[in-house]
Structure formats: structure tokens, C-alpha cells
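Worksheet for the structure shown next.
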Amino acid sequence: FPVTILKAVQVLECLSRSSFKGARVEVHPINQCRASSLEVSDVDVFYEGKLTATLEIKDKRFTKHDVGHAISKVVAAGFDALYFVKGPSGVLIDAKEADLIAEYRTRGFVLNILSVQDFIAFTLGFIRGVSYSDFCEILVAQARVARVKSETRRHLEAVCQANRWR
């Protein structure tokens, strides 16, 4: 889970430094109850002071109920879209993703369920002018914000050293 959320957050942070300069990406500490009534999902993105994207991150088995709960928080915040990003261990166990996505779209809610790899590939298509060193710097900074374990932090640093993502 920590690596999954950090990959997603760093891509959004890169996006805020390029095409959407001035966007604010808020990652909420892992495994903590929502500390603020302003928090919507695991990661919230604001542009010009308005909520513009929300991400719920799962790197374990999850259910239709889990997705519905995440959506209810987004709707309560007055927003109508959610990226439900799955890590390598993230699997929807009691429904088909396509059926769930279609169900919410008929209700006027935009639900996207995708792997962290697909999310990164999609988002990186928007980014121009962010170097690999910037990418790694953001990753390490967000790891501190998310308060990941030192083992996870060492793994992320090793990934950056190996230059695996670009």
C-alpha cells in the first residue's frame, strides 16, 4: 500500500509542477482516521482552490462495499468523480470492475478503477518538463509525508537509483 500510494501521489505532484502548475496535492497519512473534515480520500488534488481529483488507494482485496464507501465520502464533499487505484495486491472480489463502473456512471458519478501502473502511464502522458531527479525527489518527500516505514523508504530509494520508472 505505501509504495502504491506514493507512486500515484508523485505522478500527481509532477503534474502540479508542469501542466497544472499551482495544483495542490494532499496525501493523507497512511492508516490514520480522517484527521480533518476537509479530507475526502487518500489523496486529494486541488486546483485554483477547488477539489479537482480524488484517489482512493487499495493494495489488498476489496469489495463493492469498499468502493461504495469511498464514493459516499466523495459525494458528501460535493464532488462527482473518483480514481480507485489498485496496487499489485488490489483485487475487487465480489463484482466485475466494468459492471461497477457502468453502474455508477448511470448515476452520474465518474468512477475509474485502474492499476497504479495504468494510472501512472495515463498521468505521465500529461507531464512535460519534469526530470527523473524531480520525480525521485517528489517520491522521497511524499514518503515522509505519508510516514512510511524505513524499509519502504529504502525500497523507494533503491527504485530511484535503479532508474526503473523512466
Side-chain angles (χ1 to χ4, degrees), residues 1-16 19-20 22-127 138-139 141-149 151-152 155-156 165:
F1 174 76
V3 173
T4 301
I5 193 171
L6 290 170
K7 287 179 183 178
V9 168
Q10 88 178 102
V11 169
L12 288 170
E13 186 68 25
C14 286
L15 189 59
S16 75
S19 305
F20 293 101
R24 188 175 81 246
V25 178
E26 293 184 1
V27 57
H28 306 293
I30 296 167
N31 296 327
Q32 288 189 2
C33 294
R34 300 291 181 238
S36 162
S37 61
L38 301 176
E39 295 177 18
V40 178
S41 294
D42 293 324
V43 180
D44 300 323
V45 181
F46 297 87
Y47 185 68
E48 296 182 350
K50 294 181 182 178
L51 184 65
T52 191
T54 61
L55 286 82
E56 191 71 20
I57 312 295
K58 287 286 188 210
D59 197 14
K60 61 183 180 181
R61 295 165 46 119
F62 61 95
T63 65
K64 211 170 128 171
H65 175 77
D66 296 324
V67 175
H69 178 68
I71 289 172
S72 69
K73 293 185 298 180
V74 173
V75 169
F79 200 61
D80 63 354
L82 172 69
Y83 286 97
F84 202 96
V85 180
K86 308 176 299 180
S89 300
V91 177
L92 178 60
I93 60 171
D94 62 350
K96 291 183 180 179
E97 290 179 9
D99 293 344
L100 200 53
I101 290 167
E103 176 186 334
Y104 280 100
R105 289 208 174 143
T106 64
R107 299 180 192 181
F109 190 89
V110 179
L111 171 64
N112 294 290
I113 302 175
L114 61 165
S115 71
V116 69
Q117 294 87 352
D118 288 343
F119 175 76
I120 290 170
F122 174 79
T123 307
L124 284 175
F126 289 101
I127 297 173
I138 292 164
L139 178 63
Q142 292 300 332
R144 280 192 298 273
V145 170
R147 299 182 191 138
V148 301
K149 295 177 184 176
E151 176 184 334
T152 302
H155 168 75
L156 297 172
W165 289 346

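For residues 60-72, there are no salt bridge (charged side-chain N to carboxylate O under 4.0 Å, His left out) pairs, not counting sequence neighbours.
Separation of atoms CG (D42) and CD (E26) is listed at 13.0 Å; rounding is to 0.5 Å. Within the model, atoms OG1 of T52 and CG of D44 stand 11.0 Å from one another, a figure rounded to the nearest 0.5 Å. Residue I113 holds its CD1 atom at 11.5 Å from CD of E56, rounded to the nearest 0.5 Å.
For the pair D80 and V110, the minimum side-chain heavy-atom distance is 4.5 Å or more. For the pair V40/F79, no side-chain contact is recorded, criterion being any heavy-atom separation below 4.5 Å from C-beta on. Put simply, the side chain of D59 does not reach to within 4.5 Å of the side chain of I57, judged on heavy atoms. At a threshold of 4.5 Å between non-hydrogen side-chain atoms, the residues E97 and L100 do not count as touching.
With sequence neighbours left out, the side chain to side chain contact (heavy atoms under 4.5 Å, CB included) criterion links A141 to R144. Under the side chain to side chain contact (heavy atoms under 4.5 Å, CB included) criterion, L114 pairs with Y83, N112, D118, F119, sequence neighbours left out.
With hydrogens and angles disregarded, a donor-acceptor distance shorter than 3.5 Å links the side chain of T54 to the backbone of A81. The main-chain N or O of L111 is found under 3.5 Å from a side-chain atom of R105 such that the two form a donor-acceptor pair.
Shortest non-hydrogen contact noted between V43 and V25 is CG1-CG1, 3.9 Å. Contact record, K86 with G90: CD-O, 3.7 Å, taken as the closest heavy-atom pair.
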- Message: Between V74 and F109, does the side-chain contact (heavy atoms from CB on, under 4.5 Å) criterion hold? Intermediate values first, please.
- Response: CA-CA 10 Å; V74 173; F109 190 89; 3.9 Å; yes
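Note: F84 and F62 have tilted aromatic rings, judged against thresholds of 30 and 60 degrees for the angle between ring planes.
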